[in-house]
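Working notes, structure below.
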Amino acid sequence: MQEFIERIRRVVARHTGLAPEDIKIESPRDALNGDLAFPCFQLAKRQKQPPPAAAVKLGQAIAGELTNIAVVAAGPYLNFRIERSALALSVLGSISVKGAKYGGSSEGAGQTIVLDYSSPNIAKPMHVGHIRSTIIGAALQRLHAFLGYRTVGVNHLGDWGAQFGALVVAIRRWRETVELEKDPVAGLLELYQRSKKALDEDEEFKKEAVVAYQELESGKDGEVRALWRWVTEVSMRGFDATYARLGIQHDLVRGESFYEPLLEPTLQRVQAAGVTEVSQGALVVQLGEIDKGLAKTPCLLRQTNGTTLYATRDLAALFQRWEEFQFARCLYVVGAEQKLHFRQLKAVLARMGCEWASRVEHVDFGLLLGPGRVKLASRKGEVLVLDDLIDEIVAEARAIIAEKNPELPHPERIAEQVGLGAIVFNDLKRERIKDVVFDKAEILAFEGETGPYVQYTHARLGSILRKAPRENVAPDWARLEDAAPILLALGRFPGVVAAAAENCEPSELAQYLLALSRTISSWLAEHKVLDEDPPLRAVRLLLVQGSQVVLKNGLTLLGVGAPDEM
RNA sequence: GCGCCCGUAGCUCAGCUGGAUAGAGCAUCGGAUUUCUAAUCCGACGGUCCCAGGUUCGAGUCCUGGCGGGCGCGCCA
């Protein structure tokens, strides 16, 4: 597909004097107009003639130079129609050569992308609030890796802070009263909640908690440190089980504690740059000169009591990451509520003269809400544990499989893929910045614009391929005329992948997969594959195969399973 | 009060970074099944693209000002 566009660009460029990269080739809204189009408005202006005349003239000039591409002037547009067998040969040939790599590229070779995503707090189970960062971040990592970038996924665990002093004391005092053997995370959650209450009500407890946190901060390898380490371990074990279900693995697990030793050097570095000042007893960086909108919100790096802050830690992490990876982009997949924080961080870097500040991007996203736009919670009003939610959706998928396809082998595995597919796709199908209303009924329907719809289309193609006879017949490339919408869509896939990564918008890929599935399903309703004469069957089988590969590659990039049967 | 984001069909959202007659899903109504998987397909219904100006040959898309909603705003993360 890209080859046709490039050829058109080159020829148009030669005849107009425009630079090839300035020639915008778009696809007409109405397919009847052609496969590709070049609007001639600007060209007409340069040539001082009406757009339709410019289109006609350019059309006549280049018609002979584009083999396999018909050129038709229609009003102010110059439309192009790619000869069908050439299109089919090009697109399906490319897919069959590249297979699972179709859509990828090597544009990122030699460059590193650091992605900070998921980042749950330890001592608590992973709840639905973490799902967006986790799913979006993992999808962006796969997308960039597919384009040849070296990717480094970092899990910036919330494993530090005064609350761990309190938690340690709670463990010390009440470990016998809760279940810490079978399900340590649940037990810890209870202790954590009790410790929060005790901080308000029990002076003794509070004092002990402060002492414990001081010991933790001191780095002393004693009882407190051991308990904290244990909390980290059991929490991580719980997280890993969930990540495994989602097919996610970070490259680095570096919690806030990792950056503790780097805080003082970071502060010295910022101070040495001469951008800090003391305001109301706190160490701050004023940012108004860099960014007018930040005039009233300086970045605080050290509190009056001497302790550091969130921004200090993230700044330390940024310096460390820059020095270790020299990243082309450093993506923070964090909710939009924290926009100010990242804007401040970038402004601090800019004030310090770090020319790589623009490589740091806050990949923000909207809230996850329950029906009625209220905070999503369990029936009892508690935080909704992610695994419980997944279990519920998977159970429903299992029930639907039992009803619709009772003969299906491995129903358990497929139910997991379908249930997870529904959840993951639901999160990725709209623009990141939009709030996601988690409508369980809609997700459980498994129909319409959902992951299971795309999975189902993929499975139907698999079914055709399984039943195809093994025969060695030359495909008749001239007979895919009626499948042009599918071929054009398949040809667009690499461009969609590249744009989704560039814009950090997995939704662009998700929307593409929905549209492709719709196109394929419509075509399947009107055409037979197996029940045709051998040359037609052969070429349609290639179309089916190519379609299946693209659906699978796309779903895989999003983190959605692509079962062959369901 | 200040900063940022969002506003498109009854509901949830697309709209290829400014191009041809604004599209999907859900819901409602009607149709298609001796199925290469109906978790599907086809049709009907449904729009002052929040409002008002502006830029442009051309604006849902860009700019300004409103309106409505959300998020954030020094010692939390």
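Since the model is a prediction, treat every value here as computed from it, not as a measurement. Residue numbering restarts at 1 for every chain, and letters A, B, ... go by the order of the sequence lines.
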| Short side-chain N/O contact from A:R313 to OP1 or OP2 of B:A77, under 4.0 Å | yes
| field | Candidate nucleotides B:U40, B:C73, B:G74, ranked by approach to the side chain of A:Y456 - the nearest | value | B:U40
| said: Rounding to an integer number of Å, can you tell me how far A:L300 CG sits from B:C73 P? | reply: 12 Å
| message | Would the base of B:A77 count as contacting A:D314 through its side chain, where contact means a donor and an acceptor less than 3.5 Å apart? | response | no
| field | More than 12 heavy atoms from other groups under 6.0 Å of CD on A:Q42 | value | no
| Which nucleotide, B:U37, B:A39, B:C36, lies nearest any side-chain atom of A:R460? | B:U37
| said: Base, sugar-phosphate or nothing for A:S522? Non-hydrogen atoms, less than 4.0 Å. | reply: sugar-phosphate
| said: Let's test this: given Watson-Crick or G-U wobble pairing with both distances under 3.5 Å, identify the partner of B:A77. | reply: none
| Atom CG of A:D30 to atom P of B:A20: distance rounded to whole Å? | 11 Å
| said: Rounding to an integer number of Å, can you tell me how far A:H362 NE2 sits from B:C4 C1'? | reply: 12 Å
| request: Go through B:U37, B:C36, B:C13 for me and flag the one nearest to the A:Q511 side chain. | output: B:C13
| said: Classify A:N79 by what it touches in the nucleic acid, base, sugar-phosphate, or nothing, heavy-atom distance under 4.0 Å. | reply: base
| message | Please report the distance, rounded to the nearest Å, between CD in A:E256 and P in B:C76. | response | 14 Å
| Taking the side chain of A:E447 as heavy atoms from C-beta outward, which of B:C6, B:G72, B:C26 is closest to it? | B:C26
| How is A:L524 classified with respect to the nucleic acid when contacts are heavy atoms under 4.0 Å: base, sugar-phosphate, or nothing? | base
| field | Within the 6.0 Å centroid threshold, strictly below: A:F493 and A:Y512 | value | yes
| query | For A:V418, which contact category applies under a 4.0 Å heavy-atom criterion: base, sugar-phosphate, or nothing? | reply | base
| remark: Of the candidates B:C13, B:G74, B:A39, the side chain of A:K434 sits closest to B:C13
| Going by atom types alone, do A:N426 and A:R430 pair a side-chain donor with an acceptor below 3.5 Å? | yes
| Choosing from B:C41, B:U17, B:G74, which nucleotide comes nearest the side chain of A:A525? | B:C41
| message | Using atom C1' in both nucleotides, what's the gap between B:G69 and B:C76 to the nearest angstrom? | response | 27 Å
| task | Verify whether one side chain among A:N121 and A:Q163 offers a donor that lies under 3.5 Å from an acceptor in the other. | result | no
| Does B:C41 pair with anything, Watson-Crick or G-U wobble, both distances under 3.5 Å, and if so, with which nucleotide? | B:G31
| Euclidean distance for C1', B:C42 against B:U56 (whole angstrom) | 41 Å
| request: Quick one: sort the A:H127 and A:H130 rings into parallel, tilted or perpendicular, breaks at 30° and 60°. | output: tilted
| said: Need the pair for B:A14. Rule: Watson-Crick or G-U wobble, both distances under 3.5 Å, any strand; none if unpaired. | reply: none
| request: For nucleotides B:A24 and B:G46, find the distance between their P atoms and express it as a whole number of Å. | output: 15 Å
| task | Find the partner of B:A22: check Watson-Crick (N1-N3 plus N6-O4 or O6-N4) and G-U wobble (N1-O2, O6-N3) distances, both under 3.5 Å, and reply none if neither fits. | result | none
| request: Would you please indicate yes or no on a ring centroid separation below 6.0 angstrom for A:Y213 and A:F164? | output: no
| task | Write down the distance separating the P atoms in B:A59 and B:C16, rounded off to the nearest Å. | result | 16 Å
| query | According to the Watson-Crick and G-U wobble definitions, with both distances under 3.5 Å, which nucleotide is paired to B:G60? | reply | none
| message | What contact category does A:S507 fall into here, base, sugar-phosphate, or nothing, at under 4.0 angstrom with non-hydrogen atoms? | response | nothing
| field | Minimum-distance nucleotide to A:E565 side chain [options: B:U17, B:G25, B:U37] | value | B:U37
| field | Atom-pair distance (NZ on A:K296; C1' on B:G74), nearest Å | value | 15 Å
| task | Rounded to the nearest angstrom, tell me the gap between atom OH in A:Y453 and atom P in B:C26. | result | 9 Å
| query | Reckon A:D531 touches a base, only the sugar-phosphate, or nothing at all at heavy-atom distances under 4.0 Å? | reply | nothing
| Base, sugar-phosphate, or nothing for A:A295, non-hydrogen atoms under 4.0 angstrom? | nothing
| request: Could you say whether A:L309 or A:K467 is positioned toward the 5' end of RNA chain B, judged by the nucleotide with the nearest heavy atom to each? | output: A:K467
| query | Which part of the nucleic acid, if any, lies within contact of A:K339, taking any heavy atom under 4.0 Å across all strands shown: a base, the sugar-phosphate backbone alone, or nothing? | reply | sugar-phosphate
| request: Send over the distance from A:F365 CZ to B:G72 P, rounded to a whole Å. | output: 13 Å
| task | Please measure how far the P atom in B:C36 lies from the corresponding atom in B:C45, and state the result in whole Å. | result | 32 Å
| remark: In whole angstroms, the gap separating P of B:C36 from CG of A:L543 amounts to 17 Å
| Using atom P of each nucleotide, how far apart are B:A77 and B:G68 to the nearest Å? | 36 Å
| request: With heavy atoms under 4.0 Å as the rule, sort A:S521 into base, sugar-phosphate or nothing. | output: sugar-phosphate
| Is the A:H156-A:Y259 ring centre distance short of 6.0 angstrom? | yes
| query | Do you see a donor-acceptor pair shorter than 3.5 Å between the side chains of A:D159 and A:T232? | reply | no
| query | Relative to each other, are the rings of A:Y310 and A:H341 parallel, tilted or perpendicular (30° and 60° limits)? | reply | parallel
| request: Answer with base, sugar-phosphate or nothing: what part of the nucleic acid does A:K24 contact at a heavy-atom distance below 4.0 Å? | output: sugar-phosphate
| task | Determine the interatomic distance between P on B:A14 and the same-named atom on B:U55; round to the nearest Å. | result | 31 Å
| request: Could you give the distance separating B:C71 and B:C11 at their C1' atoms, to the nearest angstrom? | output: 24 Å
| query | NA contact type, A:R492, heavy-atom cut-off 4.0 Å: base, sugar-phosphate, or nothing? | reply | nothing
| Closest to the A:V284 side chain, choosing from B:G74, B:C41, B:C36 | B:G74
| task | Using both distances under 3.5 Å as the test, list the Watson-Crick or G-U wobble partner of B:C4, or none. | result | B:G70
| said: Taking any heavy-atom pair under 4.0 Å as a contact, classify A:I401: base, sugar-phosphate, or nothing. | reply: base
| message | Both A:Q163 and A:D435 contact RNA chain B. Which one's nearest nucleotide lies toward the 5' end? | response | A:D435
| said: Heavy atoms from C-beta onward define the side chain here; which of B:U37, B:C36, B:C4 lies closest to that of A:A459? | reply: B:U37
| field | Polar side-chain atom of A:E256 near backbone of A:R313 as donor-acceptor pair, under 3.5 Å | value | no
| field | Watson-Crick/G-U partner (both atom distances under 3.5 Å) of B:G47 | value | none
| From B:G74, B:C71, B:G23, nucleotide with atom closest to A:R29 side chain | B:G23
